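Below is one structure, written out as structure tokens; the observations come after it.
Model, not experiment: these values are computed from the prediction. Just so it is clear, the values below take in all heavy atoms, side chains as well, and ignore hydrogens, waters and symmetry mates.
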Amino acid sequence: MQYWLLKSEPDSFGIDHLQRSKSTVWDGVRNYQARNYLRTAKVGDLGFFYHSKVQPPGIAGLCRVTATTVVDPTQFDPTSQYFDSKSTPEAPRWQTVKVAFVEKFPNYLTIDTLRARFAESELMILQKGSRLSVTPVGSATAERILDLARA
DNA sequence: GCCAACGTTGGC
DNA sequence: GCCAACGTTGGC
């Protein structure tokens with residue numbers, strides 16, 4: 001079982017949205033490295049739900065992968081901001097996962113807290129200039145995050 | 001709103 | 001296949 005960190009802007013879709021909708025297709029990933037990570041995800045993997053572009057940014061909750069190699073439908077929707085004119089249904093470029101809500105953490109872990117508690121090498125999002133919206137998290141690091149978030 | 005860091009595009 | 005120009009991300 002692998003842990004991930006998934007970034008989202010809560011102004012468009014945050015942990016509260018996921019709690020209400022119960023599950024969602026993690027659409028809109030348009031970066032090949034992030035997509036490649038998503039392709040390796042397995043059902044049952046757990047994802048830390050990270051709120052970006054808000055003050056303060058941080059880890060807000062947990063979700064679980066419930067389906068893999070899901071074709072991102074927004075790539076074929078000309079009205080979507082994620083429309084990709086070069087992708088075809090025969091050879092879709094963008095696969096993703098479906099995730100279900102697991103929990104909203106009692107403690108929101110801000111990026112300052114994360115920086116204080118974890119090394120850059122443990123959490124890729126702490127690295128300067130890191131923009132990847134999907135990153136793997138080691139199990140030892142993940143367990144420490146869970147301890148802090150639920151304490 | 002700024003801007004550093006990074007990814008993508010496309011002419012050559 | 002190089003690389004300049006451009007677009008985007010995301011913390012501040």
Practice task
Check the side chains of Ser133(A) and Arg35(A) for a donor-acceptor pair under 3.5 angstrom, ignoring hydrogens and angles.
Solution key: no
Completion exercise
DNA chain B nearest-nucleotide lookup for Ser130(A) and Lys86(A): closer to the 5′ end is Ser130(A)
Problem - Tyr3(A) and Phe48(A) aromatic ring geometry - parallel, tilted or perpendicular at 30°/60° bounds - result: parallel
Practice task
Determine whether the side chains of Thr110(A) and Asp112(A) contain a donor N or O and an acceptor N or O closer than 3.5 Å.
Solution key: no
Practice task
Go through the structure and list residues passing side chain to side chain donor-acceptor pair (under 3.5 Å) with Thr66(A), not counting sequence neighbours.
Solution key: none
Practice task
Run the salt-bridge test on Arg144(A) and Glu122(A) with the 4.0 Å N-O cut-off and return the result as yes or no.
Solution key: yes
Completion exercise
Judged by nearest nucleotide, the residue sitting upstream toward the 5' end of DNA chain C, Tyr82(A) or Ile111(A), is Tyr82(A)
Completion exercise
chain A vs DNA chain C, heavy-atom contacts under 4.0 Å, first-to-last nucleotide span, 5' to 3', is dG7(C) to dC12(C)
Problem - Pairwise 5' ranking along DNA chain B for Arg93(A) and Lys53(A), keeping only the more 5' one - result: Lys53(A)
